[in-house]
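Beneath this line is the structure, given in structure tokens, with notes to follow.
Source: prediction; values computed, not measured.
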There are 2 protein chains.
Amino acid sequence: MPHSPQKATLLDRCEAHGLRLTDQRRVIAQVIEAARDHPDVEALHARANAVDPRISIATVYRTVKLFEEAGLLERLEFGDGRARYEDAERDHHDHLIDMATGEVIEFCDPEIERLKEAIARRLGYRLKGHRLELFGIKLKR
Amino acid sequence: MPHSPQKATLLDRCEAHGLRLTDQRRVIAQVIEAARDHPDVEALHARANAVDPRISIATVYRTVKLFEEAGLLERLEFGDGRARYEDAERDHHDHLIDMATGEVIEFCDPEIERLKEAIARRLGYRLKGHRLELFGIKLKR
DNA sequence: TTAACTGCAAATCTTTTGCGAGGAA
DNA sequence: TTCCTCGCAAAAGATTTGCAGTTAA
């Protein structure tokens, strides 16, 4: 079976952007890449500290901001007052938040993506970013 | 020409919810209803103070939270760290944010609304809330 | 070498809350 | 009368920043 094309690691993309690679940034990038959820800064700091306890939370804040400004990370807000982050290189998707449990389900619908583009164009804009969040309650059975 | 059905004022809906009507809440409700933009708490406080300078910002925070929990207001987040509010009774719409100017354009697309419902259902959820924000740059010409 | 980066602690910003006084029902 | 609400000021939570020492390139 064919395998999907290898994507550049977050670390490689940092380098490609000319960012200086420190030990701290290496660890933080690795933690983000390994994440299968949507960690906030506190969670990233905890995970990074498990690898290297010298990493301060200020550095995590500075690093996610830097990465986000470089377009390497996407900042998410689920309405609980904390920012969450995920690797921007992942295939685009939207989020459905389970209002009962806080669980976040990712999904991607090509038709809705197409509509986003079309609506922006109709309003006279080039679409640069977009965010769709659904909030729901699990149906019984 | 026919006129659209009269909607209950925010104040009436407060009363219908059994909320105690104080001078402060009356002013704040009136300010929200008169708003044609998406004011944050600071802006609401400033406008309320223009009517009655005795209204503290703590009361504005408490009131918007109360109104939101009663389902009378919708809380919006445009990614700048401050919550914004609008009357929940207004017809549903989404937002396109002009990344150059911060201007917010409202729109409503029936097809996208239908899709939101369909996607939630497909994932096994009943849709209770949703938020779509497009970020764009104005096309030349 | 040197500009960029880091940890620490203090500062900032938004939002919440304890308390005693005052007001709606 | 009896809670509920208010203003004030302090507290809390998330994020940013000044500073002086450290490090990648």
Query raised in the report: What is the distance, rounded to the nearest whole Å, between atom CG of B/D23 and atom C1' of D/dC4?
Result: 14 Å

Query raised in the report: In whole Å, what is the span from the NE2 atom of A/H17 to the C1' atom of C/dA4?
Result: 18 Å

Query raised in the report: Does a side-chain heavy-atom distance below 4.5 Å link B/L134 with A/L123?
Result: no

**Report entry** Candidate nucleotides C/dT14, D/dA25, D/dT17, ranked by approach to the side chain of B/R82 - the nearest
**Finding:** C/dT14

Report task. May I ask you to verify if any side-chain N or O of A/T22 is less than 4.0 angstrom from the OP1 or OP2 atom of C/dT6? Result -> yes

Query raised in the report: C/dA4 P sits how many Å from A/L66 CG, rounded?
Result: 12 Å

Query raised in the report: Is any side-chain nitrogen or oxygen of A/K65 closer than 4.0 Å to OP1 or OP2 of D/dT15?
Result: no

Query raised in the report: So which nucleotide from D/dT17, C/dT17, C/dA24 ends up closest to the side chain of A/R62?
Result: D/dT17

Requested in this report: Could you tell me the separation between the CZ atom of A/R54 and the C1' atom of D/dG21, rounded to a whole number of Å?
Outcome: 14 Å

Query raised in the report: Between B/G81 and B/L19, which has a closest nucleotide on DNA chain C that is more 5'?
Result: B/G81

**Report entry** C/dT16 phosphate, OP1 or OP2, under 4.0 Å from B/Y61 side-chain N/O
**Finding:** no

**Report entry** Rounded distance in Å - CD (A/Q24) to C1' (C/dA4)
**Finding:** 12 Å

Query raised in the report: Please give, in whole Å, the distance from C/dT16 P to B/I57 CD1?
Result: 11 Å

**Report entry** Lys/Arg N to Asp/Glu carboxylate O, B/D37 vs B/R47, below 4.0 Å
**Finding:** yes

Query raised in the report: Choosing from C/dT6, D/dC6, C/dA25, which nucleotide comes nearest the side chain of B/R25?
Result: D/dC6

Requested in this report: Could you give me the CA-CA distance, side-chain angles and deciding distance for B/E74 and B/E68, then say whether side-chain contact (heavy atoms from CB on, under 4.5 Å) is met?
Outcome: CA-CA 6 Å; B/E74 194 162 336; B/E68 194 208 345; over 6 Å; no

Query raised in the report: Thinking salt bridges, do A/R25 and A/D52 make one under a 4.0 Å N-O criterion?
Result: no

**Report entry** Plane angle bin for B/H130 and B/H92 - parallel if under 30°, tilted between 30 and 60°, otherwise perpendicular
**Finding:** tilted

Query raised in the report: Between B/R75 and A/V60, which is nearer to the 5' end of DNA chain C once each is assigned its nearest nucleotide?
Result: A/V60

Query raised in the report: Whole Å only: how far is the CG atom of A/D80 from the C1' atom of D/dA14?
Result: 11 Å

Query raised in the report: What nucleotide, of D/dC4, D/dT23, C/dT15, holds the atom closest to the side chain of B/R20?
Result: D/dC4

Query raised in the report: How close or far is atom C1' of C/dT15 from atom CZ of B/F67, stated in whole angstroms?
Result: 18 Å

